[in-house]
2 protein chains.
Amino acid sequence: MDTKTRMIETATKLFQQRGYKAVGLNELLQACGITKGALYHHFPGGKEELLIACLHSLNETLTRDIELVFNCASSTEDAARAVIGEMIKDLDRNGTIAGYTFSSIVSEMSLLSEPARDACRALYEKIQSIYRAKLLEDGFSSDRATSVSLFLTASIEGGLLLCRAQNSSIPLQTISNVIPELMKEF
Amino acid sequence: MDTKTRMIETATKLFQQRGYKAVGLNELLQACGITKGALYHHFPGGKEELLIACLHSLNETLTRDIELVFNCASSTEDAARAVIGEMIKDLDRNGTIAGYTFSSIVSEMSLLSEPARDACRALYEKIQSIYRAKLLEDGFSSDRATSVSLFLTASIEGGLLLCRAQNSSIPLQTISNVIPELMKEF
DNA sequence: TCCAGCATACCAACCGGTCTGTTTCACTAT
DNA sequence: ATAGTGAAACAGACCGGTTGGTATGCTGGA
């Protein structure tokens, strides 16, 4: 794998786990096994340009990963539970979550540049659009699909937050269990 | 108001809005209108001790604020919608949310000290316990109340995250609208 | 006079970022 | 085949500014 790709992949994980500010440049370089020269060669804009590249990369890999799960699922309900299942596996194994979310970055959005904020926005829109498409497949009306996809995204992200706070995967498990009953209603 | 209290109140808002790392010490001092001498006089442990004091303070004010809203509400559903309504007001007026949440801090928990993490954990437990109590009042079973209170907390926090990402209060509005239908089901 | 309650000056460490080399290597003219 | 060349891909010293933190000085009230 070439250096640039390796940089993006490593940095993406770090940013996802701990946010933007909390990841120092030197730590980043060490984790990637590169030097400042390499970083500023590939990303003249420095740390923030790397972040944006990571967000764009996330847009692709996340979309791919989620769509893969969604294609195997028979319903939105199954799909959501499957995604949560993956998160829980991550959490129980590594103690952190490096896939399917980037909430740590979002909470620092106020101090990011506009391009970075745009990339974040695009990412959430993409995720919700995948949910929405599946909901439409399931026979939901357009309006319904919009609000339910938002609701699903929110509760999963919120559940992840609670997991981080409690250092346990139980909140996401609870949410995974509640979702089926919730979907029945809609 | 005495200096120490003023420090805590001002710092709490900043930490809530932007997280721990993203708030610099000098900025903090300036916002509080104090100097380093004052900070380290009242909080020998520095920035982190101040954060912990803020979290403890939040535990009280948040509890008081939420309970106030809950006491006026006829049901958990109404109460949740009222809390969200307050958030939306904050968001539309100030562009940020300084009350009812502290998710920015949580997403940085991994790099905080154990006492700070404990304080975060306690805070979420407190919030959920208020929801739970109201749910029990509404006639929910013990187990049910536990999972629904978690679910409500998660979706609200997640909704807030989406609001930050999209720089709009629409996500929380949507969630506020969906909650009644959701509560019918349970 | 004594001490809580500050203010101020200062510090080493670290931050992200820039700069100036150096190595690697495909390509080419001889 | 080989020496020459230029650009890409780094390496790492260095920079000014900022960070959180400390040590000391001042000051008004008990």
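Since this is a predicted model, take the numbers as computed values, not measurements. Proteins come first, then strands; the chains are lettered A, B, ... in the order of their sequence lines, and each starts at number 1.
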Table of protein N/O atoms under 3.5 Å from nucleotides 26-30 of chain D N/O atoms:
none

Report each atom pair, protein N/O against N/O of nucleotides 12-19 of chain D, whose distance is under 3.5 angstrom.
from, atom 1, to, atom 2, distance (Å)
D:dG12, O6, A:Gly37, N, 3.3
D:dT19, OP2, B:Asn26, ND2, 3.1

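If you walk DNA chain C from 5' to 3' and mark each nucleotide with an atom closer than 4.0 Å to a heavy atom of chain B, the marks span C:dG5 to C:dT8.
Atom CG in B:Leu28 sits roughly 11 Å away from atom C1' in D:dG20 (whole-Å rounding). For B:Ile34 and D:dG20, the CD1 to P distance is 13 Å, given to the nearest whole Å. Between B:Phe15 atom CZ and D:dG20 atom C1' the separation is 12 Å, expressed in whole Å. In this structure, A:Met7 atom CE and D:dA11 atom P are separated by 10 Å, rounded to whole Å. In this entry the distance linking OH of B:Tyr40 with P of D:dG21 reads 3 Å, nearest Å.
Between the side chain of B:Lys36 and the main chain of B:Leu25, no donor-acceptor pair closer than 3.5 Å is present. With hydrogens and angles disregarded, a donor-acceptor distance shorter than 3.5 Å links the side chain of B:Thr63 to the backbone of B:Asn59. A donor-acceptor pair is defined here as one N or O able to donate and one able to accept, closer than 3.5 Å; such a pair exists between the side chain of B:Ser149 and the backbone of B:Thr146. Distance alone, capped at 3.5 Å, places no donor-acceptor pair between the B:Glu108 side chain and the A:Ala22 backbone. A donor-acceptor pair under 3.5 Å links the side-chain atoms of B:Ser155 to the main chain of B:Phe151, judged by distance alone.
Of the residues A:Tyr124, A:Tyr20, A:Phe15, the one that meets the ring-ring contact (aromatic ring centres under 6.0 Å, His included) test with A:Phe102 is A:Tyr124.
In this structure A:Asp118 satisfies the side-chain hydrogen bond (donor to acceptor under 3.5 Å, both in side chains) test together with A:Arg121, sequence neighbours excluded. By the ring-ring contact (aromatic ring centres under 6.0 Å, His included) test, A:Tyr100 is found to be paired with no residue, residues two or more places apart in sequence or in another chain being considered.
A donor and an acceptor atom, one from each side chain of B:Asp92 and B:Ser169, are located under 3.5 Å apart. A side-chain donor from one of B:Glu157 and B:Thr101 sits under 3.5 Å from a side-chain acceptor of the other.
Within the 4.5 Å cutoff, no side-chain heavy atoms of A:Gln17 are placed close to those of A:Asn94. Counting heavy atoms from C-beta on, the side chains of A:Arg6 and A:Ile34 come closer than 4.5 Å.
Geometrically, A:Lys134 does not engage A:Phe140 in a cation-pi contact defined by less than 6.0 Å to the ring centre and at most 45° from the axis.
The shortest distance between the side-chain N/O atoms of A:His41 and the OP1/OP2 oxygens of D:dC10 is not below 4.0 Å.
Looking at residues 107-120 of chain A, you'll see that no heavy atom sits under 4.0 Å from any atom of DNA chain C.
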